> 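First the structure, then my questions, so here it is.
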Amino acid sequence: KTGMLSAPDIPEFSDEWSEKTDYRVTVDGQKILVVHNFGGSTVNVSFTSSSLDNMILSNGSVTVKDNRLTLGAYSSVLFLQ
């Protein structure tokens, strides 16, 4: 079964946009936090700890410790919200 994907809630990007981006999408009524690192070096990002509780998919190097997310170069991760 294929789920219905709603339009993502993507923030406006400024000229200072970094190589890391995050946004939320809704699939069949379930909210998902999507985080990408499009850059060639590791990035560290802080979220509320509950946002990072339920990882459902990752690609590349992804580490979660407390409310800190570490993404290796060219890595992505999805969390059920």
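The model shown is predicted, which means the values in this text are computed figures rather than measured ones. Starting from 1, each residue takes its place in the sequence as its number.
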> Report yes if some heavy atom in the side chain of I32 is under 4.5 Å from a heavy atom in the side chain of T26; otherwise report no.
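When only atoms from C-beta onward are counted, T26 and I32 do not touch, as no gap falls below 4.5 Å.
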> Could you check E19 against V43 for side chain to side chain contact (heavy atoms under 4.5 Å, CB included), going step by step and ending with a plain yes or no?
CA-CA 9 Å; E19 296 171 329; V43 295; 5.9 Å; no
> Can you name the residues that form a side-chain hydrogen bond (donor to acceptor under 3.5 Å, both in side chains) with S46, not counting sequence neighbours?
R68
> Donor-acceptor pairs are to be reported for all side-chain atoms of residues 70-81 against protein atoms at under 3.5 Å, with residues two or more places apart or in another chain.
{"unit_1": "T70", "atom_1": "OG1", "unit_2": "N44", "atom_2": "OD1", "d": "2.7"}
{"unit_1": "S75", "atom_1": "OG", "unit_2": "S61", "atom_2": "N", "d": "2.9"}
{"unit_1": "S75", "atom_1": "OG", "unit_2": "S61", "atom_2": "O", "d": "3.4"}
{"unit_1": "S75", "atom_1": "OG", "unit_2": "G72", "atom_2": "O", "d": "3.1"}
{"unit_1": "S75", "atom_1": "OG", "unit_2": "A73", "atom_2": "O", "d": "3.3"}
{"unit_1": "S76", "atom_1": "OG", "unit_2": "H36", "atom_2": "ND1", "d": "2.7"}
{"unit_1": "Q81", "atom_1": "NE2", "unit_2": "S51", "atom_2": "O", "d": "2.9"}

> Just verifying a value: how many Å separate Q30 CD and I56 CD1, rounded to the nearest 0.5 Å?
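CD1 of I56 is found 7.5 Å from CD of Q30.
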> Of the non-hydrogen atoms in L33 and V35, which two are nearest, and what is the gap between them?
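The pair with the smallest heavy-atom distance is CG-CG2, 4.0 Å.
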> Rounded to the nearest 0.5 Å, how far apart are CG of N37 and CG of N59?
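If I round to the nearest 0.5 Å, the distance is 11.5 Å.
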> Could you measure the distance from the CG atom of L52 to the CG atom of N67? Nearest 0.5 Å is fine.
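Rounded to the nearest 0.5 Å, the CG-CG separation comes out at 7.0 Å.
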> Quick one, F47 and D22 - any side-chain contact, counting heavy atoms below 4.5 Å?
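Heavy-atom side-chain distance check passes, below 4.5 Å.
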